[in-house]
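Below is one structure, written out as structure tokens; comments come after it.
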Amino acid sequence: MNSENEITFKNIVFNGLLKKNPILVSGMVIAPVVVIGNSFMNALALAAAFSVITFFTLIVSSFVPKNIVYTIRIIMYTFIGSLVYVPSAILLSYLIPDGINAMGIFFPLLIANGMIISRSETIFFQESKGHMLLDMIFCILGYDAAVLLYGLIREIIGSGTVCGRIIGMPVVFSGFATPFGGFILLGLMAALLRVVLLTIKRVGKAEAGSPRGHTAV
């Protein structure tokens, strides 16, 4: 049983961070990333806002009865998200005011992000509470990790800075600081992740088919 639980936990971690990464694989909530994620600090503000709103909205929404009509459930998820938004906005505006201000309209729009509306119905709410909680946490962490890495890379190559400090880049590609360049960078990162996943899959198949561990009779 412990071995099965360990395998399940590893699958949850691997799926959330890599195989089913919400942004690089599923393409969820990419608009704010492309538009405002042109620096590490902006990416940090987005990751914090996304994490807080998505986590608490999904936790509360998981108690919505499943026998309610689908359309009404979706409306209820959005309503719950709007209730979560108010204290989240107060807290985050106090902690990271510049980052939240930079998000503009994209901050309140997070109450209706794809992970809340789509994955709640297709994955999360079909699992046990404990399994749902782990799955949700690592999906959020997967999104955050991708956004932070993306913001850091984009700031370095697009502005030649890290957290606003000049690092002496020999060449700066200012086009990557624009939404168009940001979209291209996001596509490149998604393609690179796909290559990594395919490599991991091939290595796994090779190890499974290798004669190691078999004793000759």
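Between the CG atom of L185 and the OG1 atom of T178 there is a distance of 10.5 Å, given to the nearest 0.5 Å. To the nearest 0.5 Å, atom CE of residue M76 and atom CD1 of residue I68 are 4.5 Å apart. In this structure, CG on L133 lies 10.5 Å from CG on L58, to the nearest 0.5 angstrom. Remark: I200 CD1 to L193 CG distance equals 8.0 Å, nearest 0.5 Å. A distance of 6.0 Å separates CD1 in I140 from OG in S51, rounded to the nearest 0.5 Å. Going from atom CD1 of I90 over to atom CG of L95 covers 12.0 Å, rounded to the nearest 0.5 Å.
Formation of a donor-acceptor pair under 3.5 Å by the K19 side chain with backbone atoms of L17 is not found in this model. In this structure, the side chain of R154 engages the main chain of A177 through a donor-acceptor pair within 3.5 Å. At distances below 3.5 Å, at least one donor-acceptor pair connects side-chain atoms of N15 with backbone N or O atoms of N11. Not one N or O on the side chain of N42 forms a donor-acceptor pair closer than 3.5 Å with the backbone of N38. Counting only distance, with no hydrogens or angles, the side chain of E155 and the backbone of G160 share no donor-acceptor pair below 3.5 Å. Using modelled atom types, one side-chain atom of S62 and one backbone atom of I59 make a donor-acceptor pair closer than 3.5 Å. A donor-acceptor pair under 3.5 Å is formed between the side chain of T78 and the backbone N or O of I74.
A 6.0 Å sphere centred on CD1 of I166 holds no more than 12 heavy atoms belonging to other residues, nucleotides or ligands. The 12-atom threshold is not exceeded at CZ of F183, counting heavy atoms of other residues, nucleotides or ligands nearer than 6.0 Å.
Under the 4.5 Å side-chain heavy-atom criterion for ILVMFWY residues, a single connected hydrophobic cluster contains both I111 and I72. No continuous path of hydrophobic side-chain contacts links L198 to F14 [ILVMFWY only; heavy atoms under 4.5 Å]. V35 and I105 fall within the same hydrophobic cluster, defined by Ile, Leu, Val, Met, Phe, Trp and Tyr side-chain heavy atoms under 4.5 Å apart, directly or through other members. Under a hydrophobic clustering in which Ile, Leu, Val, Met, Phe, Trp and Tyr are joined whenever their side-chain heavy atoms come within less than 4.5 Å, directly or via other members, Y77 and Y70 fall into the same cluster.
Looking at M169 and T161, their side chains never come closer than 4.5 Å, going by heavy atoms from C-beta outward. The side-chain heavy atoms of F106 and I36, taken from C-beta on, include a pair separated by under 4.5 Å.
Here the closest heavy-atom approach between residue G142 and residue N21 is recorded as O-ND2, 2.9 Å. Scanning all heavy atoms of the two residues, the minimum distance from I100 to L92 falls at CG1-O, 3.6 Å. Minimum heavy-atom separation, L46 to M103: CD1-CE, 3.6 Å. When all heavy atoms of V29 and L110 are compared, the closest pair comes out as CG1-CD2, 3.8 Å. Shown here for V172 and G158, the closest heavy-atom pair between the two residues is CG1-O, 3.1 Å. Contact detail for S26 and K20: the closest heavy-atom pair is OG-O, 4.0 Å.
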Open item on the list: What verdict does the side-chain contact (heavy atoms from CB on, under 4.5 Å) test give for L192 and M189, after you've listed the backbone C-alpha separation in whole Å, the side-chain angles of each residue and the deciding distance to 0.1 Å?
Closed with: CA-CA 5 Å; L192 179 60; M189 289 179 63; 5.6 Å; no
Task: Verdict with supporting geometry, V64 and I80, side-chain contact (heavy atoms from CB on, under 4.5 Å) - done: CA-CA 10 Å; V64 173; I80 291 168; 3.9 Å; yes
Open item on the list: For a side-chain contact (heavy atoms from CB on, under 4.5 Å) check, start with the C-alpha distance between I156 and F176, then their side-chain angles and the critical distance, and finish with the verdict.
Closed with: CA-CA 10 Å; I156 291 173; F176 281 102; over 6 Å; no
- [ ] Give the C-alpha distance, both sets of side-chain angles, the deciding distance and a yes or no for side-chain contact (heavy atoms from CB on, under 4.5 Å) between L148 and L152.
- [x] CA-CA 6 Å; L148 292 174; L152 179 62; over 6 Å; no
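Residues F79 make up the rest of the hydrophobic cluster containing L83, defined by ILVMFWY side-chain heavy atoms closer than 4.5 Å, directly or through other members.
Between F138 and F9, the distance separating the two ring centers is shorter than 6.0 angstrom. Aromatic pair F107/Y85: ring centres closer than 6.0 Å.
For N113 and T54, the side-chain atoms include at least one donor-acceptor pair closer than 3.5 Å.
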